[in-house]
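Here is the structure we will look at.
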Number of protein chains: 4
Amino acid sequence: MTKMTTSTRSPGRPRDNKVGPSLLAAARQLVLQHGYCGVSIQMIATEAGVGRQTLYRRWPSKAELVLAAFLESAGDADVLSDGRAEKRLLHFLVNVFRNLQQDGPAIRNLIASAQDDPEFLKSFRAGFVEPRAEIVATIFRDGIANGEILEDADVEMAVAAFHGAFWYHLLLGGKLDAEFAQRLTRLIMKSISKEPREEELLK
Amino acid sequence: MTKMTTSTRSPGRPRDNKVGPSLLAAARQLVLQHGYCGVSIQMIATEAGVGRQTLYRRWPSKAELVLAAFLESAGDADVLSDGRAEKRLLHFLVNVFRNLQQDGPAIRNLIASAQDDPEFLKSFRAGFVEPRAEIVATIFRDGIANGEILEDADVEMAVAAFHGAFWYHLLLGGKLDAEFAQRLTRLIMKSISKEPREEELLK
Amino acid sequence: MTKMTTSTRSPGRPRDNKVGPSLLAAARQLVLQHGYCGVSIQMIATEAGVGRQTLYRRWPSKAELVLAAFLESAGDADVLSDGRAEKRLLHFLVNVFRNLQQDGPAIRNLIASAQDDPEFLKSFRAGFVEPRAEIVATIFRDGIANGEILEDADVEMAVAAFHGAFWYHLLLGGKLDAEFAQRLTRLIMKSISKEPREEELLK
Amino acid sequence: MTKMTTSTRSPGRPRDNKVGPSLLAAARQLVLQHGYCGVSIQMIATEAGVGRQTLYRRWPSKAELVLAAFLESAGDADVLSDGRAEKRLLHFLVNVFRNLQQDGPAIRNLIASAQDDPEFLKSFRAGFVEPRAEIVATIFRDGIANGEILEDADVEMAVAAFHGAFWYHLLLGGKLDAEFAQRLTRLIMKSISKEPREEELLK
DNA sequence: CAGTAATCGAGACGGTACGTCGTGTCTTATG
DNA sequence: CATAAGACACGACGTACCGTCTCGATTACTG
């Protein structure tokens, strides 16, 4: 036996695997510094000490590159693996808001970029939106499983309302703080949880 | 006596008041035809048979002009003045969705434009967002007044979740149809209405 | 009578008539300094303190601009208006060679540029080649008129051989000095003048 | 003993001696098809099924490669070995013009390429210009030897005028036909041949 | 009824970013 | 070593908009 691996290694000079990360780092730093629109493709390439073409070889647009750059930092969303749904939601939201403290402006611009670039919209959904939606959906489904949440709850819509509400604030320049997180979580939970209303409990 | 009013009319040639509307019309038509990003300021001015400066004299940016153009058509939001809150919400939403059928792409781009232009964000909030938020808030407050909705409902957050949910879908390219409207309305109403849960009714 | 001139002055802001000359000057200086290929359109525009578009508005290519720049200096070809043909030819050639001392490299590159750009070739012929050809042709025709040169001399071909010979040297990097001028003039004159051969005179 | 020859055969993989010719062929075909400037080094390499480096290992530039490619076809210049000088010149010229029918555009671009690349200019002179100059010079010298041409004829200049005249036409897009060949030959011969003038013969 | 001043269409102007192209060098694995 | 493939840094290209400016011409009110 001669060759184990089907090692379909493409011929030619392999891509320098230091250049991708250095582009991501450059993108991230420059966007945080000058804002998304204040940064050109040229600037990122120059900062990374790289030719422009080398960038285009990896990402088709500034938006895709910046998305990748900000996905890294946001990837490590720490999520409570169990506990009451409301608590887990709140914890998630507080974490997200903390990230947005720094990344908010960039994320807003990525959402903006997706509005006239269907290809990027797909990337953005797949890389950013859906993972986060899934986290929240999982919390809801766990809640159903352990009896906290109504069996017939409209999970999909609850997720949309949950994320939508803070996108709405984010995109409109509103403040995203702990109080907001609490109120939003409360609102959604009221809609889908089994727990009797407080008012009724008092009766 | 020649003139009654001391009307501080500025000297010089008065503005041609046909030019504003023709710019709005041109903007609207071109954006619907080629998409927001497919239209340049020059194109709009040319289409309206107007110099570029004449446009800048009235609006500071493409976004502001297009906002004005699309505000006109959306201005005549017909809202039920009374009835049950859920019904009124649903009616509003269906109307909005009907408008978005045509204007959706433009609105998405306006939201996008606001993400890196604080000045325009203010205009957009004042002209587009807040009027619509107020309509929904009013419905909620009416609901409280007539006992449909809990006195301590978080109206502001409910509005954010309500609008946010369909913005979320709009910006992500989701479908905005009657079913979505119904499910969203239901979710929000469940959260804030007094009506006892179905489950409890069955007890 | 109200208006005399049909003054078809085009509308819009008139072109700044200082910008053309400053571009020509910049082009000339930079090309002399760094060579034709060492100069980019951007460099010329920057040197002239002008936007790139402003340059493209006046000339369609670097070649056309540089041609114009070097036409100016070469325009003042001083030509003897009478005298013996051979003397006038020689005087012309010496003058040309003096110009080429400085402009030679640029001219060579202009000829080169014309080889893959038919549009520019036309400009180059009209602006550079033909005026110079005409000067020499005129000398020949004067020579015919005053009996120095054969009536049936092939003026066109003589011009081609005259100019061609020194283009040949120019393009091949040969030296263009007074001796060359003398020998070339002699050769051509021998071909077309009436004067009996020296050899025959000696018989 | 395995190998006989001490032949200083370089170590490593020997050059594939099919690759050179296939590059020449690819270059020739592509340049004839798309024009010199319409062809990139990459295209030639790809057409020949060869890596780019392999090309650079053999020729330092596109110009050198294309020169080599077109030298092949032009190498077989058939020249009359004796006869009257004028006849031999004419025959040569007609042959050259026939070649230029096809290769003209490429040759023009090679001349152009030489204008900003001294290294290539040397190659071009050595490979293309001088052999052809020598052919013509030889014809002239033979003419001197057999008494057709004046002993003190300026052969070098005659060659320059002869070649220069048709370069001039070639580079300026003029037509190179039999009539041109005849007129040019006539002009040069008149200048350097011993034959008495027609006018004088009629005396 | 001349003077003043702002508006209008048109287009020049200095900039900036874009995406593509070609060049010559380099770096792999495979002969 | 040579080779095919392709990455890489670089830099020019021509285009598209942008927001501002500068024209002649127009159109009102003012003194």
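The sequence lines fix the lettering, A, B, ..., with proteins before strands; numbering per chain opens at 1.
- If you find the closest nucleotide of DNA chain F to Met43(B) and to Gly12(A), the one lying nearer the 5' end belongs to Gly12(A).
- When each of dA25(F), dA12(E), dC8(F) is scored by its nearest atom to the side-chain atoms of Arg13(B), the top-ranked nucleotide is dA25(F).
- Using a distance-only test at 3.5 Å, with no hydrogens or angles considered, no donor-acceptor pair links the side chain of Lys62(B) to the main chain of Ile44(B).
- Comparing Lys62(C) and Arg58(D) by the nucleotide of DNA chain F that holds the closest heavy atom to each, the one mapping nearer the 5' end is Arg58(D).
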Distance-only donor-acceptor hits, side chain of residues 29-38 of chain D, under 3.5 Å, sequence neighbours excluded:
from	atom 1	to	atom 2	distance (Å)
Gln29(D)	NE2	Gln33(D)	OE1	2.7
Tyr36(D)	OH	Ala63(D)	N	3.4
Tyr36(D)	OH	Ser113(D)	OG	3.1

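- Between Phe120(B) and Leu110(B) there is a side-chain heavy-atom pair separated by less than 4.5 Å.
- Take the nearest nucleotide of DNA chain E for Asn17(B) and for Gln42(D): the residue whose nucleotide is more 5' is Asn17(B).
- Between Arg15(D) and dA2(F) there is a side-chain polar atom (N or O) within less than 4.0 angstrom of OP1 or OP2.
- Applying the salt bridge (Lys or Arg N to Asp or Glu O under 4.0 Å) definition to pairs two or more places apart or across chains, none involves residues 30-58 of chain D.
- Mapping Ile41(D) and Val39(A) onto DNA chain E via the closest heavy atom, the residue that lands nearer the 5' end is Val39(A).
- Here the side chain of Pro11(A) is nearest to one of dC8(E), dA5(F), dC13(F), namely dA5(F).
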Report the C-alpha separation of Asp117(D) and Phe124(D) in whole Å, then their side-chain angles, then the decisive distance to 0.1 Å, and conclude whether the side-chain contact (heavy atoms from CB on, under 4.5 Å) test is met.
CA-CA 10 Å; Asp117(D) 181 347; Phe124(D) 183 67; over 6 Å; no
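- Non-hydrogen atoms lying under 4.0 Å from DNA chain E are contributed by Arg52(A), Gln53(A), Tyr56(A), all within residues 50-57 of chain A.
- The distance between atom CH2 of Trp59(A) and atom C1' of dC18(E), rounded to the nearest whole Å, is 19 Å.
- In this structure, Asp117(D) places its CG atom 13 Å from C1' of dT23(E), rounding to the nearest Å.
- In this entry the distance linking CD of Glu64(B) with P of dC18(F) reads 15 Å, nearest Å.
- Of the charged side-chain nitrogens involved, none lies within less than 4.0 Å of a carboxylate oxygen, so that Arg108(B) and Asp116(A) do not count as a salt-bridged pair.
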